Amino acid sequence: MNKLFYTVFSFFPKRSLGMSKITATILSICLLLAGGSAMAQQGSMSEPVDRAKILTAPGVFGAFSTYKIRYEYYKLSSAERKGAADEVMAVVDKHKDKVIVDAYLTRGFEAKSDYFLRVHAYDAAAAQAFLLDFRATRFGMNSGVTESLVGITKALNYITKDKSPDLNKDLTGTTYSGDAPRFAFMIPVKKGAEWWNLTDEQRLKEMETHTLPTLAYLGNVKRKLYHSTGLDDTDFITYFETNDLGAFNNLVLSLAKIPENKYNVRWGNPVVMGTIHSIAEVVNTLSVGQ
Amino acid sequence: MNKLFYTVFSFFPKRSLGMSKITATILSICLLLAGGSAMAQQGSMSEPVDRAKILTAPGVFGAFSTYKIRYEYYKLSSAERKGAADEVMAVVDKHKDKVIVDAYLTRGFEAKSDYFLRVHAYDAAAAQAFLLDFRATRFGMNSGVTESLVGITKALNYITKDKSPDLNKDLTGTTYSGDAPRFAFMIPVKKGAEWWNLTDEQRLKEMETHTLPTLAYLGNVKRKLYHSTGLDDTDFITYFETNDLGAFNNLVLSLAKIPENKYNVRWGNPVVMGTIHSIAEVVNTLSVGQ
Amino acid sequence: MNKLFYTVFSFFPKRSLGMSKITATILSICLLLAGGSAMAQQGSMSEPVDRAKILTAPGVFGAFSTYKIRYEYYKLSSAERKGAADEVMAVVDKHKDKVIVDAYLTRGFEAKSDYFLRVHAYDAAAAQAFLLDFRATRFGMNSGVTESLVGITKALNYITKDKSPDLNKDLTGTTYSGDAPRFAFMIPVKKGAEWWNLTDEQRLKEMETHTLPTLAYLGNVKRKLYHSTGLDDTDFITYFETNDLGAFNNLVLSLAKIPENKYNVRWGNPVVMGTIHSIAEVVNTLSVGQ
Amino acid sequence: MNKLFYTVFSFFPKRSLGMSKITATILSICLLLAGGSAMAQQGSMSEPVDRAKILTAPGVFGAFSTYKIRYEYYKLSSAERKGAADEVMAVVDKHKDKVIVDAYLTRGFEAKSDYFLRVHAYDAAAAQAFLLDFRATRFGMNSGVTESLVGITKALNYITKDKSPDLNKDLTGTTYSGDAPRFAFMIPVKKGAEWWNLTDEQRLKEMETHTLPTLAYLGNVKRKLYHSTGLDDTDFITYFETNDLGAFNNLVLSLAKIPENKYNVRWGNPVVMGTIHSIAEVVNTLSVGQ
Amino acid sequence: MNKLFYTVFSFFPKRSLGMSKITATILSICLLLAGGSAMAQQGSMSEPVDRAKILTAPGVFGAFSTYKIRYEYYKLSSAERKGAADEVMAVVDKHKDKVIVDAYLTRGFEAKSDYFLRVHAYDAAAAQAFLLDFRATRFGMNSGVTESLVGITKALNYITKDKSPDLNKDLTGTTYSGDAPRFAFMIPVKKGAEWWNLTDEQRLKEMETHTLPTLAYLGNVKRKLYHSTGLDDTDFITYFETNDLGAFNNLVLSLAKIPENKYNVRWGNPVVMGTIHSIAEVVNTLSVGQ
């Protein structure tokens, strides 16, 4: 039985460690165990994670979590709340060599949350380490988690150069050309057993039918896919950015009108809509109130 | 990568800003990005939004949110609660050039809410900016959001002059002639994949069957439709105003008795019933109690 | 745009009004708008509502709401709680010319409530006005609403003298002859689209099959029906009073065994069981505890 | 209109009564109304209810309720908590001539409860009177009700001497012979409309198929059935006691493998598992903690 | 009526006992009743439970419970929280001769929990006794249980040497060879009536189809099965450990693509993902925060 298991099952209490030490320990164990894998190597770079790279690489872990500010937070003196952003930014900075974090303001659009975070890391444990530190900040401690979904990125598996050359060309040929997106959507999707019991050929055919109507929206809606089967109570986390809500509404309608839609057993629930901001803006905006 | 994205991903904390500054920043970014679009232009008018115009225009963003007053609110001195309405009205006034707000009292009819708001804006971010300021007031801070639904308005897409001339004439020919409505209903409706997979012709036929029985109620039930597919966990938000609950009950019954009803996977849940009041009345009414 | 709408959309805050003034305003507006209708006339009688009449008249609004006492209530001194019943009775008395109120003790039978109220009024706004005042009492303020269902009464629409003469005679011929009921049940029922898409003849046939087995229980189970389609997330609120739980169980079983049952998409959820008491008894019973 | 109705609808507040007086009133009214029925007579015996008799008699009311201890309870001084058991036992003793109470510890097995009670009474109002007094104790006041199910007992209605003589003999011939049960299970079961629309013969056939595989477990699993149709959101409350969890698991598996299982629309949800204890043990065990 | 029943139904209050005494009592009663069974003998060994043995033996009771730290915990002085791990470890040590406990950190991955525990014991009452003591510690008292699932282990019942020799050889022939797992998953699975109504042969065939695609993952995903039918609202609790989330995602996808998947009425809901740690690490990590 290896070292980790020993520590897992040894019942001799350790003296309490400060959070930074704890997570450091977790990370060191992670690296120790992950051995010399590419992930770990990237995960251990001392310079910040390359945003462009991690947002396009396969095998990346993505953690989405929505939060609602506790009523008690506004009972703190506004002076205490003023420092919240700095404290959060320090945590973000501490983990910047392993994790990137995006923030979204949902208050006004959602009942169950005030904001949500999207965290990317090459190692799931690194994403957790960041979130543990975040939750230990005054702002994090006053944030109740209301939804949490995790997934991993993969290379295209249906509309590939080989399986569907023409659509692949169209899909990869057009790039976003609209105004900088101000709105983001996080939508979980789960397929039923009937979908997964189709043959690969049948699913490919359905995905081609799925892809066709979406081509028209490549210019004004950005999208990204995360795979969650087994990792969470959804098969996919679909993520969108746009500045044109009408176009987005039409894009989703076009997807509702194809047979593939009949295989969805979960679509949204929740659909989470937010505006894109820096974490500092999100923390500051939600820290105001007498 | 454009300016907004830079700010989104820059991790250098900004000094805490007061809410008004924050939302001002958000709005300025919005306008900056929205460029010279008609929406932005209307959104930036210095005079109040034209109510009649925004309530009939397509492409308008509508945000419905239901609230329940926290128990803690009534622990505040009645003096503190007396000022609540003024504070809320000031926020409404601050945003009156971009947003219109309707208020409804649901206490006594609903278990999950005491009141709800209907917010219209040409720009979703402007609606959010208002709701962020509203939530920062004493009354807003003591209101827990229990439901939130967003949608956009569109021009008639089935019963049009071209597709269904006769029904269109009937539909647009009659106007509300009953007593001023005292009651309003907010009812989300979601269609299943079978509905969306019908051909346009089939859906048109169903919508004609849908429209026919409703003509008789044009005189005593006002209605308005919002489209939410992709924006929220519903396809439509249907909104009604009436002074005749019996007629409204019969209208909905007539819609239950047609085939289209079989395609609904969500109808209500919740059905939200409220009485129509000024925001000041709603805030004052709910601020009473020893 | 009429007066009410003006007040609805005018954003000039009014000075805070005491609850009694506020509700008075609401009521006056109601009456103003309801014009000279029979409802308003009855609603505005200065003597108490005629109980026998309002319980048998069609077009009456019924509001059912279940409540759970807050833990905080029992932190109040028992002296403060002693006065609760008087305060509630004063509110009941204030509204007695427009509203009648029945009370039921559910603690011990239900997890989600300790008591429920049944409110009848010729005008829905009058019922709301009462409930707003009730919620502003110390007892009401310490009661969390856990369920709220509204409906209206209608004349028999299936088993009528014309459509089903024999059954109508049986149905109207027998009267309750058992001991004074001690138990009451509130059971919401919703039918699916398949039910509503049947022809009137088919539904009549099903309702005749429905009525037959219930005749045997006319003597020991009282029943009353409220229609809620469009007003709430149910089509009907069925209300029963009995002193014989075994007979009631058999009555409902007999209704489970007929085809109509297959059309129900909601039956109960919740079934609310309570014992019948005066409001004073309910308030006093739930106000005890150290 | 009889005396009870008068008190129900009289709006003249009564002076607040202590709980004991209140419940006494309720009980007296009950007896008054129940007239000279056998139930009432047994209900009014001055000596303790005959446990063996009430647990085998038909027409007995059974109330199951699960509770979760409030966090606030452990903020009380351990001295205050020390007295909890005595206070509860006094209430049990006060009602012992009308009610018997069984207690079960669920903490460690269930998320939604720490313990549950099973109350039997010949009169439902007597069970409620006990639970009202129990909830007014310090321990009861600090217990949040998380589930409540009520039902009544009936004589065997399928596997009777007449309808199914052989099975009836087997069923009544074997008695429990295992170790004293330490574990109890409360499992609600609801059948769909298809089940109730079968003919009596068809349901009898299914119940015979149901009974056959259960015979093998008569020796190590005790069972008891309560009927709830109309009284609650379930048709049956099935109750089991055993000391052999493996045998119990196999018994339920054998019932999953027969056609009758296809007619269940609710099975469990929740399945509540507890260990059997005296009420004093349950109260004392859950009253510990710094 | 035996001794236990006597204590169950004796209403003479006992003086409050300290937790250790109480649970000691419970355990002694357990042993007393369990008589001389092998289980009890193992359960009563004075040396620690043999981990390797209990994790592979059939008839073992497994209790999974997820917890969320209360907000109030972080209001305690960090000094008070520093002692939390020692207190928990003492409880683990006290029960180490009857129970083994594994701990997992879920914060960052799950919304409904911060950590979960997996408890194994030969006797369910021993597992409960441990959890009762755990909940009485300061850390346990500040942990809200959000999910609790129980099951028992059984010998392989489909892919056995006799029924499916080849698959059995493959299944038992390969052992885990990947890096020490850092991630664990707890996934409840419930089958519908259609599954259980299949013949044993049909289910065997489906399970062979189920097993085939999983062989490829024996090297990098550890798995363990618990049977819960009748014990809880699930048929199975499936537990996995891995260090390769991509492989785990593919393993579950391969199981989604076979007919057996069509018989699942519950799969996950929740899927609980955590990182593997010692209890001390879990307690210490979650005890940090200002």
Side-chain angles (χ1 to χ4, degrees), chain A residues 51 71 74 81-86 88-90 92-93 96 100-103 105 107-112 179-183 185 187 240 243 245-246 248-249 251-253 256-259 261-264 267-271 273 275-281 283-285 287-290, chain B residues 2-5 7-19 22-23 25-26 29-30 33-35 59 61 63 65-66 70 72 119 124-125 127-132 135-138 140-142 144-148 150 152 154 191 193-194 196-197 227-233 235:
Chain A
R51 176 171 182 83
Y71 182 69
Y74 301 104
R81 283 179 272 139
K82 267 207 162 40
D86 293 3
V88 170
M89 290 303 103
V92 171
D93 189 60
K96 70 174 188 299
I100 64 169
V101 186
D102 297 338
L105 205 51
R107 181 178 287 185
F109 298 147
E110 302 298 329
K112 297 211 175 72
D179 296 319
R182 290 179 296 152
F183 306 105
F185 291 87
I187 304 176
F240 305 87
N243 199 46
L245 297 178
F248 180 64
N249 169 245
L251 164 60
V252 178
L253 274 173
K257 295 176 178 178
I258 57 174
N261 187 22
K262 298 178 182 173
Y263 295 98
N264 293 329
W267 196 92
N269 192 16
V271 168
M273 173 184 183
T275 44
I276 302 168
H277 299 285
S278 69
I279 297 183
E281 285 173 344
V283 176
N284 287 329
T285 303
S287 295
V288 178
Q290 38 274 39
Chain B
N2 67 45
K3 183 173 171 312
L4 179 61
F5 270 79
T7 65
V8 174
F9 306 125
S10 69
F11 293 138
F12 303 105
K14 313 197 161 152
R15 73 187 181 298
S16 174
L17 307 171
M19 171 58 81
I22 278 293
T23 52
T25 318
I26 296 170
I29 295 174
C30 301
L33 297 171
F61 184 80
S65 42
T66 68
R70 292 175 170 285
E72 294 85 347
V119 177
Q128 182 180 45
F130 162 74
L131 287 163
L132 283 164
R135 295 289 301 283
T137 63
R138 183 172 293 104
M141 195 153 296
N142 282 281
V145 199
T146 52
E147 183 67 72
S148 179
V150 299
I152 53 178
K154 291 183 170 183
K191 301 280 199 233
E194 283 63 27
W196 294 115
N197 274 262
H227 299 255
S228 301
T229 308
L231 305 180
D232 218 326
D233 285 300
D235 285 322

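Just so we're on the same page: letters track the sequence lines, and every chain starts at 1. No experiment lies behind these values; they were computed from the predicted model shown.
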Looking only at heavy atoms, which two atoms of A:Ala111 and B:Ser148 are closest? And how far apart? N-CB, 3.5 Å

Would you call B:Asn142 and A:Tyr71 a side-chain contact if the rule is heavy atoms closer than 4.5 Å? yes

Specify the closest pair of heavy atoms between A:Val288 and B:Ala136, including all atoms of both residues, with the distance to one decimal. O-CB, 4.3 Å

I need the residue from A:Tyr263, A:Phe248, A:Phe240 with the largest number of non-hydrogen atom pairs under 4.5 Å to chain B. A:Phe248

Counting heavy-atom pairs under 4.5 angstrom with chain A, the leader among B:Ser228, B:Ala124, B:Gly140, B:Gly144 is B:Ala124

Evaluate side chain to side chain contact (heavy atoms under 4.5 Å, CB included) for A:Leu105 paired with B:Leu132, printing each intermediate quantity in order. CA-CA 10 Å; A:Leu105 205 51; B:Leu132 283 164; 3.8 Å; yes

Taking B:Thr229 for its side chain and A:Asn249 for its backbone only, find out whether a donor-acceptor pair lies under 3.5 Å. no

In terms of heavy-atom contacts, B:Asn197 and A:Lys257 come closest through OD1-O, 3.5 Å

Tell me which of these, A:Ala84, A:Ala256, A:Gly108, has more heavy-atom pairs under 4.5 Å with chain B than the rest. A:Ala256

Chain A shares the most heavy-atom pairs under 4.5 Å, among B:Val119, B:Leu131, B:Val145, with B:Val145

What closest approach, in Å, do A:Met273 and B:Val150 show between heavy atoms, and which atom pair accounts for it? SD-CG2, 4.0 Å

Ignoring hydrogens and geometry, is there a side-chain-to-backbone donor-acceptor pair from B:Gln128 to A:Arg107 under 3.5 Å? yes

Gap separating the CZ atom of B:Phe61 from the CG atom of A:Leu245, nearest 0.5 angstrom: 6.5 Å

Nearest 0.5 angstrom please: B:Leu231 CG to A:Phe185 CZ, how far? 5.0 Å

Max heavy-atom pair count under 4.5 Å with chain A, selected residue of B:Asp235, B:Thr146, B:Thr66, B:Asp233: B:Asp233

If one checks every heavy atom of A:Ile187 against chain B at 4.5 Å, the contacting part turns out to be side chain

So for B:Lys191, is it side chain, backbone, both, or neither that comes closer than 4.5 Å to the heavy atoms of chain A? neither

For A:Lys112, look at atom NZ and say whether over 12 heavy atoms of other residues, nucleotides or ligands are found less than 6.0 Å away. no

